[in-house]
Amino acid sequence: MDHSAYAELLDLLEKAARLGEVQSLLHWDEQVNLPPDSRDARAAQSATVSDLLHRASTDPKIGSLLNRLEAERDSLPAEARAVVREARRDYDLLVRLPDDFAARKARLDSRAFHAWAEAREASDFARFAPWLEQQLEMAREQASHCGYSENPYDLMIDLHDPGMTAAAVEALFTPLRRELPELLERILASPVRPPEGIFRGFPVDRQRSFLEGVVTRMGFDYRRGRIDVSLHPFCSGRGTDIRMTTRFHPDNPLDSLFSSIHETGHGLYEQGLPAEPAGTALTINAGMAVHESQSRLWENQICRSRPAWAFFEPRFREAFPEQLARISSEDLYLAINAVSRNPIRVDADEVTYNLHIILRFDLERRLFAGKLAVRDLPEAWNESTRALLGMTPKNDAEGVLQDVHWSGGAFGYFPSYCLGNMIAAQLHLALRESLPNLDALLREGEFAPVLAWLRERVHRHARTLPLPELVRQASGRDLGPQALIDYLRDRYLPLYS
Ligand SMILES: [Zn+2]
């Protein structure tokens, strides 16, 4: 192979990756530390770095190096072939856009975000509707430049999970549409109900030290990352420097605990990816669905399980003796695994969460197909909520305006959450096959074998394999909904019997 062309390509990809890291650090700082009157300066800094990043990612030298390397594809080692394949994909998606596209989109994103925040505050969809129209138009424009004018929504999905299409997602979602509403009805018909309003006055400093202990036990490396506080929890950065956030409520200690466990799942994945060569298929994550499978597996299958909670409960009681004195073990466990109808996706439990995703996927598909007008969206949203969840949102804030995604033009993102749940359920099955003593390990608080298994099966592959192949190799099964359906039944029917 042409070693000098390959080395030069790696240099250019690393340069773009480093600018991406700077951009994400600026964003983290904006959410965690930024003084209010410094926002304009930050917007200017972000725009400058975005512009540099776009130039670096669309450097014509990348295109010509890719041409040279592709001409000798057959003689490339497997690693180099994966690097070239993914670099080509990323390069083509960006280089086909007009020069001013990134700047126009950044301006629209920022204005649409503020319009959405105000509309949600006032619970008035009409204020946001013109911005959503513009975001849809922008997405269609992007799709037509990238060769997706016939099927723009497929591009939106592909941007988050390379290789996936709306039809493939629909095929995976169909069984869930049938099974989950029925499972929800059976759970809600049970005389067993999770207790409500039982948590009061959990001091924030003690919540913080408890969750830091849990995060350490999961294997998070604090020498390459940290946890801070922000309005909405998130995880950003790359393996060499992970920035996670959480939030604290004295009356809701489970929110900070389980959202931190979730974000730590994301952080552990990034810390488990190889470090070099930066910005290539050998070191970047495999897409949003796989990312979400890591956070969900830790949050749900592992840490909400009876054996893991048997380890955590005495420590939780030791941290909060007075607050938990009158709460029984079973009530505590039910609170951790509460299932209820909730109009808000981010507050939804494991069973109803997937229905929230199906609702958004349906509406996005109809919007892109021109079968649903933006002005009719609130009514369509409420209708779908009735059909899937058996309830009606009280207003737009609780319905169509609840999510931030559309304000940033992030269409096609929602399906990743549900695909991630499917992958997590399959990984959990395979993990149990590999570690027959998993429950005993969890009861002892031994999480290292779980992390080692994920490192070996998922993390080390980075983006070298297409999604279906990665899932097949890691879990021993084709990507499908059955493991998720079985897992939800096995976890929740005995609990709500
Ligand atoms: Zn997540």
Side-chain angles (χ1 to χ4, degrees), residues 24 27-28 31-32 156-157 159-162 164 169 211 214-215 218-220 225-239 242-247 254-273 284-304 336 342 344-358 360-361 402-408 410-428 450-451 454 458-459 463 467 470-471 474 479 484 487-488:
S24 118
H27 175 259
W28 167 84
Q31 303 294 316
V32 172
M156 298 298 115
I157 289 180
L159 288 173
H160 300 99
D161 289 303
M164 288 302 285
V169 171
L211 75 82
V214 173
V215 167
M218 288 167 67
F220 185 75
R226 49 183 291 145
I227 307 182
D228 293 272
V229 172
S230 69
L231 197 55
H232 299 286
F234 65 88
C235 173
S236 70
R238 300 250 182 258
I242 294 296
R243 304 301 174 101
M244 305 194 295
T245 67
T246 188
R247 59 185 172 192
L254 298 183
D255 179 60
S256 60
L257 177 59
F258 281 94
S259 72
S260 297
I261 291 171
H262 178 99
E263 301 309 335
T264 302
H266 287 301
L268 289 172
Y269 179 30
E270 289 287 337
Q271 288 190 336
L273 294 168
I284 58 177
N285 67 67
M288 285 313 303
V290 175
H291 231 303
E292 208 56 34
S293 78
Q294 300 303 293
S295 52
R296 301 286 164 145
L297 179 73
W298 281 106
E299 179 192 352
N300 296 326
Q301 277 87 359
I302 301 294
C303 288
R304 287 186 206 272
I336 287 165
N342 191 320
I344 305 292
R345 174 184 60 88
V346 295
D347 295 332
D349 54 78
E350 280 192 275
V351 178
T352 54
Y353 194 92
N354 300 294
L355 297 169
H356 282 276
I357 297 308
I358 289 171
R360 286 152 179 78
F361 169 70
Q402 65 179 277
D403 299 307
V404 69
H405 301 58
W406 291 345
S407 74
F411 306 106
Y413 189 122
F414 290 116
S416 303
Y417 295 120
C418 186
L419 297 175
N421 287 336
M422 290 181 197
I423 299 168
Q426 292 189 197
L427 290 174
H428 181 233
V450 176
L451 181 56
L454 290 170
V458 181
H459 303 180
R463 194 175 283 197
L467 176 68
L470 177 63
V471 172
L479 174 57
L484 176 61
Y487 156 74
L488 291 172

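As the structure lists them, so they are numbered: ligands from 1, and atoms in each ligand from 1.
- One side chain, Ser260 or Thr246, offers a donor N or O that lies under 3.5 Å from an acceptor on the other.
- Looking at residues two or more places apart in sequence or on another chain, you find a side chain to side chain contact (heavy atoms under 4.5 Å, CB included) between Leu273 and Tyr269, Glu270, Asn285, Ala462.
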Residues 413-425 side chain polar contacts: donor-acceptor under 3.5 Å, at least two apart:
from: Ser416; atom 1: OG; to: Asp161; atom 2: OD2; distance (Å): 2.6
from: Ser416; atom 1: OG; to: Tyr413; atom 2: O; distance (Å): 3.2
from: Tyr417; atom 1: OH; to: His405; atom 2: NE2; distance (Å): 2.9
from: Asn421; atom 1: ND2; to: Asn354; atom 2: OD1; distance (Å): 2.8

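- No donor-acceptor pair under 3.5 Å is formed between the side chain of Arg345 and the backbone N or O of Ile357.
- Excluding waters, the set of protein N/O/S atoms under 2.8 Å from the Zn ion (ligand 1) reads His262 NE2, His266 NE2, Glu292 OE1, Glu292 OE2.
- Distance check, rounded to the nearest 0.5 Å: NE2 of His459 to CG of Leu454 gives 4.5 Å.
- The list of salt bridge (Lys or Arg N to Asp or Glu O under 4.0 Å) pairs with a residue in residues 286-297, not counting sequence neighbours, reads Glu292-Arg296.
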